[in-house]
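Reviewing the structure listed below.
By convention in this document, chain letters (A, B, ...) are assigned in the order of the sequence lines, proteins followed by strands, and residues within each chain are numbered from 1.
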Amino acid sequence: MNICDDASLLLNDLNTAQREAVAAPETHVLVLAGAGSGKTRVLVHRIAWLLQCQLARANHILAVTFTNRAANEMRDRIQKLLGYNPSGLLTGTFHGIAYYLLRQHWQLAQLPETFQILDSDEQLRLIKRIIKEAKIDDKVFSPKKIQQFINACKEKAQRAQSVVLMSTDRETQAALTVYQFYEQTCQQSGLVDFTELLLKTYELLRDDESLRKHYQTRFKHILVDEFQDTNYLQYEWLKLIAGPAAKLFIVGDDDQSIYSWRGARIENIQLLPVEFKETLLIRLEQNYRSTKMILTAANAVIRNNKNRLGKELWTNGTEGDPLFLYKAHNEINEAEFIVHKIKLLGKDYHNNAILYRTSSQSRVLEEALIDQQIPYRIYGGMRFYERAEIKDVLAYLRLAVYSDDDAAFERIINTPKRGIGERTIEPIRALARQQGISLWRASRLLLADNGFKGRAAKTITEFLHYIESLIEQTHTLLLSDLIKKIIETCGLPDFYLKDNKEEGQRRIENLAELISAARQFEIFNRDEEKPILTFLAHATLDANNDNANETNHVQLMTLHLAKGLEFKRVFLCGLEEGLFPHQNSLDEGNVEEERRLCYVGITRAREQLYLSHAETRYYYGERSYSRASRFIREIPAELIDHIRFNNAPNYQANVKNKNEKFAIGTPVLHHKFGRGIIVDKEGQGEFTRIQVDFSENDCKWIILAYSDIELL
DNA sequence: CTAATCGAATTTTTT
DNA sequence: ATTCGATTAG
């Protein structure tokens, strides 16, 4: 048996198309992989195939994903499949790999060895600071807009000097000025934002021929997952690192492109076969996840999009249940319906996912789940390393490792409050700007020159001494002990407690968790040469500390977060015009992306799919009324079962105005059931009982009324 | 310098 | 409704 016969075992449980992809000859391959068609499987098997057929050694292979979740999953599955962990195989996110390259070549990239990664939050803070310093009117062009502008420029590989302005209006001019200052500050403070990671490596490879040759020779096979999410810079970056010889193995699905608002270019996937001649195109259309009903619905919806490569999912699986549709009176009623159904459908709560368009929709759902005492977990929101307390402590650490880090300096100079306010900081900034030095150096200079008056001099001295003591300890203490030390001595815990007792306690617990995380890190990275730097990068690049407990919870998340996941039962809620598709997308003329989002949502379900919409819901504290989403209409009616739900035929509340006389036909508003009219009444005074029709054609609700009923 | 108060803005989110 | 930020009063 030769090696390739052995490897053919890898092909055993694959279908024809998957096999064709995995065992493809050494050319470029573009795999159009529909939802649930086993794309990760193909990717992982391809790597194993290359290794086992000895087409490549592990260090010849580069595998790129977008999220850490995907990268971790890929690594796990490769190890499971091969039975060992191939050393030298480089897998990771675009940003993770770029970071790796910059750490290797920091000198060539003209960075300090201890350069720090700036997350979007810190990037925004920095931009705001610069706007203030440059005295630019932030009402003309908001900081967020400028942040987007800068990132967009970088994603087009445009430096501040080389920006090609589309328009020369005042706003754009101002944004460009900020961009210039921002670049300067980052360079000076050794700060690299997310996009900069990619841009810097891109420039490095572009401008340094020997380095470029080195990597182009090393990587003979480059595999990319979720290619539809790449932006311009990532694509250019990829082409550069691939060079003329490397073979690309690209997996993606244009129908699941839902990140255009973040710069993802669906065109890349269409461009690839044109730019890389002799690309083998393979479609994976057999779906192993969902029932026929669900797939038919998904196909029917996505068919309404004009701009697609074309693909139709099919399955050998069962017909399955029809889709269920519930029309709710309002968002509370919708939530009650979903929770009621979940309760009815058994105790395997983790089989249920509730998906929604906007995260604000989660609150009502959460309340309904609490009300019925059903365990749940909301995904998204604040992640561990994004929490203020964690970032505060890490800023101390950053300043200790690299004192010129202005972002870290600004963050903690007066956190906790030590009486260093604007009056004191402003001269430091001025000096720093004037001399072209960091805030840290400026404050030392100013102190030496007796530039601080009275109290300021004392507090600044204390602060500088404190940081200096930390700097010394970076050489002696273990990472986790250093963090522990910082927490104990910096005064943050007391500061948090003083601000808010309960919240403060939680923050302190998180700080304890940070020490554990550092300990964990030490254990898993024993031979790490620069543990502090790597830990800090890990904290920013992989902010998720998700101890995804596989416990029995209903899962709540936005549709965006659901991509790549699957659930036995999916509740897709808030299917209303204006919400989903979202009004902003309609205004921008980007319904197709919303439709792809809907397609993603539908194809998350293995067995049952519940759709729901509410006739009215609260929106920014105001009631709004909307029609059912067009996406519901795009699903063939014969696939849909309309369901009714009668959860409160006798809703009781207290009379607010006992002597009120209610006439039949009076329009009323109820916080739970929405708008209706009084159709009947019995009794009077204190125990008046009215019957209200809250939906013209459905069931009637008898209300024993009325503190929360408003007469209209 | 800090605390309180008022007003504006509010899709989606990874790295 | 709720949050964040800027302005204003202590």
Side-chain angles (χ1 to χ4, degrees), chain A residues 64-71 92-99 117-125 128 132 138-139 142-145 148 151 154-155 192-199 226 229-231 233-234 257-264 331 355-364 379-383 385-386 388 414 416-426 454-456 459 495 498-499 537-544 557-564 574 578-588 590 593-594 596-598 600-601 617-623:
Chain A
V64 195
T65 63
F66 272 85
T67 63
N68 290 296
R69 189 176 80 194
T93 61
F94 274 98
H95 296 84
I97 288 161
Y99 173 71
I117 305 167
L118 209 59
D119 71 17
S120 349
D121 185 60
E122 292 166 312
Q123 183 186 37
L124 189 61
R125 281 163 169 264
K128 280 179 185 164
K132 250 190 207 149
D138 63 348
K139 270 154 206 114
S142 74
K144 268 225 175 75
K145 281 268 163 62
Q148 283 167 16
N151 289 333
K154 290 191 178 196
E155 274 166 17
V192 174
D193 64 48
F194 285 132
T195 315
E196 185 74 22
L197 284 169
L198 291 166
L199 182 51
E226 304 275 19
D229 289 336
T230 48
N231 59 34
L233 181 58
Q234 284 159 335
S257 163
I258 53 175
Y259 287 111
S260 74
W261 50 275
R262 207 159 80 180
E331 79 281 8
L355 309 182
Y356 36 82
R357 177 66 237 271
T358 67
S359 20
S360 59
Q361 289 168 258
S362 68
R363 256 241 328 259
V364 185
Y379 289 74
M382 199 49 101
R383 280 163 303 171
Y385 287 106
E386 279 172 10
N414 200 27
K417 300 234 155 38
R418 45 174 72 86
I420 303 178
E422 283 307 301
R423 275 288 138 74
T424 315
I425 301 174
E426 202 37 60
R455 214 176 50 203
T459 44
F495 170 66
K498 212 152 96 197
D499 192 49
H538 165 82
T540 315
L541 282 178
D542 194 359
N544 253 317
M557 68 192 83
T558 63
L559 284 153
H560 284 87
L561 281 177
K563 191 167 80 149
L579 182 61
F580 187 32
H582 197 278
Q583 191 56 48
N584 294 3
S585 296
L586 294 175
D587 295 344
E588 290 160 20
N590 199 7
E593 179 145 315
E594 296 284 305
R596 291 192 290 270
L597 198 52
C598 184
V600 167
R617 76 170 63 231
Y618 267 105
Y619 228 40
Y620 303 136
E622 274 186 58
R623 188 180 291 280

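- Comparing A:E386 and A:N584 by the nucleotide of DNA chain B whose heavy atom lies nearest to each, the residue mapping closer to the 5' end is A:N584.
- Atom CZ in A:R125 sits about 12 Å away from atom P in C:dA6, given to the nearest Å.
- Across all strands, A:L561 comes closer than 4.0 Å only to sugar-phosphate atoms, never to a base (heavy-atom distances).
- OP1 or OP2 of B:dT15 lies within a sub-4.0 Å distance of a side-chain N or O belonging to A:N68.
- Residue-level contact check: A:Q234 touches neither bases nor backbone, having no heavy atom under 4.0 Å from any strand.
- A:T424 comes within 4.0 angstrom of sugar-phosphate atoms only, judged by non-hydrogen atoms across all strands, and of no base.
- Look at A:R383 and you won't find any side-chain N or O under 4.0 angstrom from OP1 or OP2 of B:dT13.
- Contact annotation for A:I420: backbone-only contact, meaning every heavy-atom pair under 4.0 Å involves sugar-phosphate atoms and none involves a base.
- In the set B:dT2, B:dT13, B:dT11, B:dT13 carries the atom at the smallest distance from any side-chain atom of A:Y259.
- At a threshold of 4.0 angstrom between heavy atoms, the contacts of A:K563 with the nucleic acid are absent.
- Rounded to a whole Å, the NZ atom of A:K145 is 12 Å from the P atom of B:dT11.
- With rounding to whole Å, A:Q361 atom CD is found 18 Å from B:dT10 atom P.
- Distance CZ (A:R617) to P (C:dA1): 17 Å, rounded to an integer number of Å.
- Residue-level contact check: A:E622 touches neither bases nor backbone, having no heavy atom under 4.0 Å from any strand.
- For the OP1/OP2 pair of B:dT12 and a distance below 4.0 Å, the side-chain nitrogens and oxygens of A:S585 include no atom meeting the criterion.
- In this structure, A:T195 and A:K154 approach most closely via the heavy-atom pair CG2-CB, 3.6 Å.
- When the side-chain nitrogen and oxygen atoms of A:Y620 are compared with OP1 and OP2 of B:dT11, one or more of them lie within a distance under 4.0 Å.
- Atoms CE (A:M557) and C1' (B:dT11) sit 18 Å apart, rounded to a whole Å.
- With B:dT15, B:dT14, B:dT11 as the choices, the nucleotide that has an atom nearest any side-chain atom of A:R262 turns out to be B:dT14.
- Taking atom OH of residue A:Y619 and atom C1' of nucleotide B:dA9, one finds them 14 Å apart after rounding to whole Å.
- Residue side chain A:H560 fails the stacking definition with respect to B:dT12, as its ring centre and the base's six-membered ring centre are not both under 5.5 angstrom apart and under 30 degrees in plane angle.
- Residue contacts shown for A:N414 are limited to sugar-phosphate atoms, with no base heavy atom under 4.0 Å away.
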Before giving the answer on salt bridge (charged side-chain N to carboxylate O under 4.0 Å, His left out), spell out for A:D119 and A:R383 the whole-Å C-alpha distance, their side-chain angles and the decisive distance to 0.1 Å.
-> CA-CA 13 Å; A:D119 71 17; A:R383 280 163 303 171; over 6 Å; no

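- Rounded to whole angstrom, the span from the CD atom of A:E593 across to the C1' atom of B:dT13 amounts to 12 Å.
- In this structure, A:S120 reaches the bases: a heavy-atom distance under 4.0 Å links it to at least one base atom across the strands shown.
- Side chains of A:Q361 and A:T358: a donor on one and an acceptor on the other come within 3.5 Å.
- Within the 4.0 Å cut-off from OP1 or OP2 of B:dT10, not a single side-chain nitrogen or oxygen of A:K144 is found.
- Checked against B:dT15, B:dC1, B:dT13, the side chain of A:R423 finds its nearest nucleotide in B:dC1.
- Look at A:E593 and A:R596 and you find a salt bridge, because one of the NZ, NE, NH1 or NH2 atoms lies within 4.0 Å of a carboxylate O, short of that distance.
- The nucleotide whose nearest atom lies closest to any side-chain atom of A:R363 is, among C:dA1, B:dT11, B:dT13, C:dA1.
- The side-chain ring of A:W261 is stacked on the base of B:dT12, judged by centre separation under 5.5 angstrom and plane angle under 30 degrees.
- A pairwise comparison of heavy atoms in A:R357 and A:H560 identifies NH2-CE1, 3.5 Å as the closest pair.
- One interatomic measurement links the two molecules: CG of A:L355 to P of B:dT12, which rounds to 15 Å at whole-angstrom precision.
- Between A:Q234 and A:F66, some side-chain heavy-atom pair lies under the 4.5 Å cut-off.
- Aromatic ring pairs are classed by plane angle as parallel below 30°, tilted from 30° to 60° and perpendicular above 60°; the pair A:F194 and A:H95 is perpendicular.
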